[in-house]
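First the proteins, then the strands, lettered A, B, ... as listed; each starts at 1. Heavy-atom basis, side chains included; hydrogens, waters and symmetry copies ignored.
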Amino acid sequence: MLDIQLFRENPDLIRQSLTKRHQDPSPVDQVITLDEKRRELLQEVERLRAERNQGSQEIKKIEDPDQRQEKIASMRAVGDQVDLLNSKLKEVEINLKSLMAEIPNLVDDRVPDGADESENELIKTVGDVPEFSFTPQPHWDLGPALGILDFERGVKLSGTRFYVLNGVGARLQRALVSFMLDTHTRHGYQERYTPFMVKEDIVFASGQLPKFAGNLYHDHEEDFWWVPTVEVALTGLHKDEILEETALPLEYTAYSPCFRREKMSAGREVRGIKRGHQFDKVEMYIYCTPEESEKQFQRMVDDAERVCRELELPYRVNKLCTGDLGFHAAITYDIEVWAAGCGEWLEVSSISNVLDFQARRAAIRYRPKDKKGTRFVHTLNGSGLGLPRVMIAVLENNQQADGSVVIPEVLRPWMGGVEIIEPPT
RNA sequence: GGAGGGAUGGCCGAGUGGACGAAGGCGGCUGUCUUGAAAACAGCUGUGGGUGUUAAAGCCCACCGGGGGUUCGAAUCCCUCUCCCUCCGCCA
């Protein structure tokens, strides 16, 4: 959510931002009109309330019964006016809020203009794409051949886009989760384990609702939404709180499964485990002061890159262009790792500076040390990293001619002695 | 799932229709005293919105778990929801 002050003082900035995102800027004018209407009604309501408050105070002092009844009658009339105008006001406020709730964050000046992902800007490429003396297999062949990946039974259990990991395959994923959490906690992040189903206002606060309801799973009997990313829960963690500046920055890491309907990509040909309705992810999340958020953003990108480096996966970093930028992000860097078998760069992380966009929705503020009042914190989120795609890259890049896969060095402490995944004999 | 009891400011806790944004205590901040600290004493100490201003002060409105109602007037009465506690049942 953007600051209503910004609509009043610098609406052009918001219009330009929407235009950069290739979106219609006209909601800005609707917001301004509704805001004016709201204040007009509010002032009248408050004026009448003040009159009633004062009148009611006088009533208890009036001794004469007739005068008293007369005053009560006139205050009743004022009260009826208040009710009438107040219901109009409420309606305007609901419309205003729902309009503002669907306007995306301001775009950072450094974000390159572009219509879609093809116009994202390559920042850097790190590591060498591995060479093979044989044709590397894609994971959808390799995994089943190794007996660690079972698509048929996944489909039996839950339908298309679900799979089962077996034995060392499941263990490899667990090792990746532990490795990532341990790496991040070593670099200052505090681990959290959160609910995977959250209430509607929590999903609203992080920005996935109301606009992206179609991509979320929802329990219709209870007020539960399955998290599409644990970022949702990590935003909700400090909802409605006022933090002390000395407590900032708050740096969290959390593991969770993520649940997405993926309706938009329903028809798209995606083989293997690259895109499912359920996938695991380790997330990083930071709350900090506005002065610090750029620094924290760079740091978080580096923290995500570190995971790729330690896993010895070749990767590249892209700055998303305006057309590919997410709703709540002001700026986003994506990290892609090379997967030798399917021959693709796979997006494994998305790191965003959200500024105060989520904090305003979630009412997360802090008390500055030397100033009066409160300010909204800035929040940042980044995957660190998405599991299935890292699994793909690890399996495909480390495969050998005989179909076996060498486990990366850094994961071995969690692999119970397994250094190589051999095909069943 | 059944029965009962609760929810008040950073914390504890009073308040059952008007002078209550809310006693009192604790904590915190500032000052006096002190070489310094402690103690004592005095003052201050919530959030949001509107208006106003170069900025502020000031003024007004709202907030006593959420929503709705009764009333001239609600922390206080009524309805409803949520959450917490105690007991019983069930359970990984």
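- Of the C1' atoms belonging to B:A55 and B:G73, the separation is 38 Å, rounded to the nearest Å.
- When the C1' atom of B:G50 is taken as reference, atom CD1 of A:I4 falls 13 Å away, rounded to whole Å.
- Electrostatic pairing of A:R299 and A:E251 counts as a salt bridge here, judged by a charged N lying under 4.0 Å from a carboxylate O.
- Side-chain atoms of A:H139 come within 3.5 Å of backbone atoms of A:I273 as a donor-acceptor pair (strictly under, hydrogens ignored).
- Donor-acceptor pairing under 3.5 Å is recorded for the side chains of A:E336 and A:N318.
- Between the C1' atoms of B:A14 and B:G67, the separation comes to 27 Å (whole Å).
- Spacing between atom CD1 of A:I72 and atom C1' of B:G18 amounts to 12 Å, rounded to whole angstrom units.
- Distance A:K239 NZ to B:G65 C1': 13 Å, rounded to the nearest Å.
- The A:R8 side chain lies nearest to B:G50 when the options are B:U47, B:C72, B:G50.
- Proximity of a side-chain donor or acceptor of A:N166 to a complementary backbone N or O of A:I148 within less than 3.5 Å is not detected.
- Atom C1' of B:U53 sits at a distance of 37 Å from the matching atom of B:G66, rounded to the whole Å.
- For the C1' atoms, the distance from B:G18 to B:C81 is 30 Å, rounded to whole Å.
- Atom CD of A:Q5 has more than 12 neighbouring heavy atoms from other residues, nucleotides or ligands inside a 6.0 Å radius.
- With a 3.5 Å ceiling on both atom-pair distances, the Watson-Crick or G-U wobble partner of B:G65 is B:C81.
- Residue A:L42 is in sugar-phosphate contact alone, with no base atom involved, counting any heavy-atom pair closer than 4.0 Å across all strands shown.
- Listed pair A:K90 / B:G68 meets the phosphate criterion, a side-chain N or O lying under 4.0 Å from OP1 or OP2.
- The side chain of A:R39 lies closest to B:U51 when the candidates are B:G49, B:U51, B:U47.
- The distance from atom CG of A:D240 to atom C1' of B:G10 is 16 Å, rounded to the nearest whole Å.
- At B:G73, none of the side-chain N or O atoms of A:R76 fall inside 4.0 Å of OP1 or OP2 (strictly under the cut-off).
- The nearest whole Å value for the distance from the CD atom in A:E58 to the C1' atom in B:A19 is 14 Å.
- The CG atom of A:D201 sits 12 Å away from the P atom of B:C83 (whole-angstrom rounding).
- Rounded to whole Å, the P atom of B:U32 lies 40 Å from the corresponding atom of B:G52.
- Across B:U71 and B:C78, the matching P atoms stand 16 Å from one another, rounded to whole Å.
- With rounding to whole Å, A:L243 atom CG is found 13 Å from B:G10 atom C1'.
- Annotation: B:A22 and B:C63 have their P atoms spaced 14 Å apart (nearest Å).
- Taking the six-membered ring where tryptophan is involved, the planes of A:Y163 and A:F151 are perpendicular, since the angle between them exceeds 60° and thus also 30°.
- Contact check, A:S74 against B:C72: no side-chain N or O comes under 4.0 Å of OP1 or OP2.
- For A:H187, the side-chain hydrogen bond (donor to acceptor under 3.5 Å, both in side chains) partners at least two apart in sequence or on another chain are A:R306.
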task = Produce a footprint string for nucleotides 53-63 of chain B: one letter per nucleotide, 5' end first; B if the base is under 4.0 Å from any protein heavy atom, S if only the sugar-phosphate is, - if neither.
result = ----S--BBS-
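- Ring geometry, A:W225 versus A:H218: the interplanar angle falls under 30°, so the pair is classed parallel (tilted spans 30 to 60°).
- On the C1' atoms, B:U82 is 23 Å away from B:C90, given to the nearest whole Å.
- Here the side chain of A:R367 is nearest to one of B:C72, B:G46, B:G18, namely B:G46.
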